[in-house]
Amino acid sequence: MTHLFISDLHLSPDHPRLVRGFLDLLKQYQDKNTQLYILGDWFNAWIGDDYTAPWLDEIVQALKEFNQAGNQVYFQVGNRDFVLGKNFLNQFNGILLPDVYTLEINHQKFRLEHGDALCTNDIAYQRFRSVIRNPVLLSLLKRTPLSFRQKLANGFRKKSSETKQLKNYDIMDVNAQAVDSVIEQVDFLIHGHTHRPEIHLLGNKQRIVLGDWRADSAWILEINEQENSSLDFKKWLY
């Protein structure tokens, strides 16, 4: 069995090359008994499971074929697609994971999360996150018209882009103490969000940071579950 981990694809109709890259990845791993884990920011902005579009239909069809071939897709929400839910995933038997999930492979424990909750130095973002992820507010937002949610998402993206330009890049990275507090009970921590792909050695543990997808390449983590399991963190060209 192959465990495949990706994050921060930021798929949208505005970037068809990224969409094509994701479809190519599904084809490449379709016959490998693959457990695909998408750790947030699958889409550049997700305004609700009632959103439909031709470019999205192509993705759903490919995911159906991927599932029918005996593979499984798991998804954790990110800061850009936190309203993506079971109604969308049910179309291809995808599974929604909690914000933090522990996976065991060959007696080793892997903690999976998007990574934004670890960026505790960014106090303004953490305050915003606690408000926008409030279940009551989310429930109200889902009842508003799609057009309103689209304008809201565009506004958030614009504001986020402007704010990032004014912040020190290190403030938007993970906090070392936050990492230490969560990695204690596991062997590996896997996350995305920061767009800084790297394997960090923390004593006898590892923090693996998945990178964001680019026009011609993506960072992927592949773990083959066998007697002598192998971990392959690589830049995949498409």
Side-chain angles (χ1 to χ4, degrees), residues 6-14 37-53 55-56 59-60 63 73-103 111-167 171-175 177-179 181-182 185-186 189-195 210 212:
I6 59 176
S7 73
D8 299 278
L9 290 73
H10 299 284
L11 302 185
S12 79
D14 299 325
Y37 296 85
I38 305 172
L39 307 188
D41 284 6
W42 187 0
F43 296 95
N44 198 39
W46 190 261
I47 59 176
D49 286 1
D50 52 344
Y51 168 74
T52 59
W55 72 276
L56 193 58
I59 292 175
V60 170
L63 288 164
V73 177
Y74 301 88
F75 172 69
Q76 281 182 318
V77 302
N79 54 293
R80 290 180 176 266
D81 49 19
F82 55 86
V83 297
L84 194 154
K86 293 181 179 179
N87 287 339
F88 176 71
L89 296 172
N90 285 344
Q91 296 180 78
F92 48 88
N93 294 318
I95 296 176
L96 180 64
L97 297 178
D99 288 350
V100 174
Y101 183 74
T102 301
L103 173 68
R111 177 186 171 108
L112 313 180
E113 61 182 292
H114 178 57
D116 56 333
L118 299 171
C119 302
T120 55
N121 292 335
D122 194 346
I123 297 174
Y125 169 73
Q126 294 300 332
R127 287 174 178 168
F128 171 77
R129 183 179 187 275
S130 65
V131 172
I132 200 64
R133 297 284 294 272
N134 183 288
V136 176
L137 179 58
L138 286 179
S139 179
L140 292 173
L141 282 175
K142 289 177 181 178
R143 298 175 188 174
T144 60
L146 270 172
S147 57
F148 172 80
R149 279 176 269 153
Q150 185 67 68
K151 290 180 181 179
L152 192 65
N154 292 341
F156 284 155
R157 286 205 306 272
K158 182 180 178 181
K159 182 66 175 178
S160 175
S161 178
E162 293 172 349
T163 301
K164 283 181 179 179
Q165 294 178 11
L166 301 175
K167 287 182 180 178
I171 291 178
M172 296 183 287
D173 202 354
V174 299
N175 175 277
Q177 291 180 329
V179 169
S181 68
V182 303
Q185 302 300 321
V186 297
L189 167 63
I190 304 175
H191 71 83
H193 181 67
T194 63
H195 300 182
L210 303 170
D212 58 320

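Every heavy atom of this structure was used, including side-chain atoms; hydrogens, water molecules and symmetry mates were not. Bear in mind the structure is a predicted one, so any value in this text is a computation, not a measurement.
Salt bridge status for Asp50 with Lys142: absent, with no side-chain N to carboxylate O gap under 4.0 Å.
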Could you walk me through whether Leu189 and Leu112 satisfy the side-chain contact (heavy atoms from CB on, under 4.5 Å) test, starting with their C-alpha distance in whole Å, then the side-chain angles of each, then the deciding distance to 0.1 Å, before giving a yes or no?
CA-CA 6 Å; Leu189 167 63; Leu112 313 180; over 6 Å; no

Residues Val83, Ile47; criterion side-chain contact (heavy atoms from CB on, under 4.5 Å); working and verdict
CA-CA 7 Å; Val83 297; Ile47 59 176; 5.9 Å; no

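When side chains are defined from C-beta on, Leu11 counts as touching Trp42, because their heavy atoms get closer than 4.5 Å. Tyr101 places a side-chain heavy atom less than 4.5 Å from the side chain of Gln76. Side chains of Arg133 and Asp99 form a contact here, defined as non-hydrogen atoms less than 4.5 Å apart. Residues Arg111 and Val182 are in side-chain contact: their nearest non-hydrogen atoms beyond the backbone lie under 4.5 Å apart. With contacts defined as side-chain heavy-atom distances shorter than 4.5 Å, the pair Leu141/Ile132 qualifies. Side-chain contact between Leu96 and Leu84 is absent, with no heavy atoms from C-beta onward closer than 4.5 Å.
Scanning all heavy atoms of the two residues, the minimum distance from Leu56 to Phe43 falls at CD1-CE2, 3.7 Å. The nearest pair of heavy atoms linking Ala178 to Ser181 is O-OG, 2.7 Å. Scanning both residues, Ala45 and Ala153, for their nearest heavy atoms gives CB-CB, 4.3 Å. Among all heavy-atom pairs drawn from Thr144 and Arg149, the shortest one is O-NH2, 2.8 Å. Of all heavy-atom pairs between Arg127 and Ser130, the closest is O-OG, 2.7 Å.
Note that CG of Leu103 is 7.5 Å distant from CD1 of Ile190, once rounded to the nearest 0.5 Å. How far CD of Gln91 is from CD1 of Ile59: 11.5 Å, rounded to the nearest 0.5 Å. Atoms CZ and NZ, from Phe75 and Lys86 in turn, are 13.5 Å apart once rounded to the nearest 0.5 Å. Rounding to the nearest 0.5 angstrom, the gap separating the CG atom in Asp8 from the CG atom in Asp212 is 6.0 Å. Taken from CG in Asp14 to CH2 in Trp55, the straight-line distance is 9.0 Å, to the nearest 0.5 Å.
There is no side-chain donor-acceptor pair under 3.5 Å between Asn79 and Asp116.
A donor-acceptor pair under 3.5 Å links the side-chain atoms of Gln126 to the main chain of Cys119, judged by distance alone. The backbone N or O of Thr120 lies less than 3.5 Å from no partner atom in the side chain of Asn175, so there is not a single donor-acceptor pair. Looking only at distances, a side-chain donor or acceptor of Asp41 sits under 3.5 Å from a matching main-chain atom of Arg80. Checked by atom type and distance alone, the side chain of Asn87 never pairs as donor or acceptor with a backbone atom of Asp49 at under 3.5 Å. A donor-acceptor distance shorter than 3.5 angstrom exists from the side chain of Asn154 to the backbone of Gln150, with no hydrogens or angles considered.
Considering Leu210, Leu97, Ile6 in turn, Leu97 is the only one that fulfils the side chain to side chain contact (heavy atoms under 4.5 Å, CB included) rule with Tyr37. When each of His191, Gln177, His193 is paired with Leu118, the side chain to side chain contact (heavy atoms under 4.5 Å, CB included) condition holds for His191 and for no other.
Remark: aromatic rings of Phe82 and Trp46 are distant, center separation not under 6.0 Å.
At most 12 heavy atoms of other shown residues, nucleotides or ligands fall within 6.0 angstrom of atom CD1 in Ile123.
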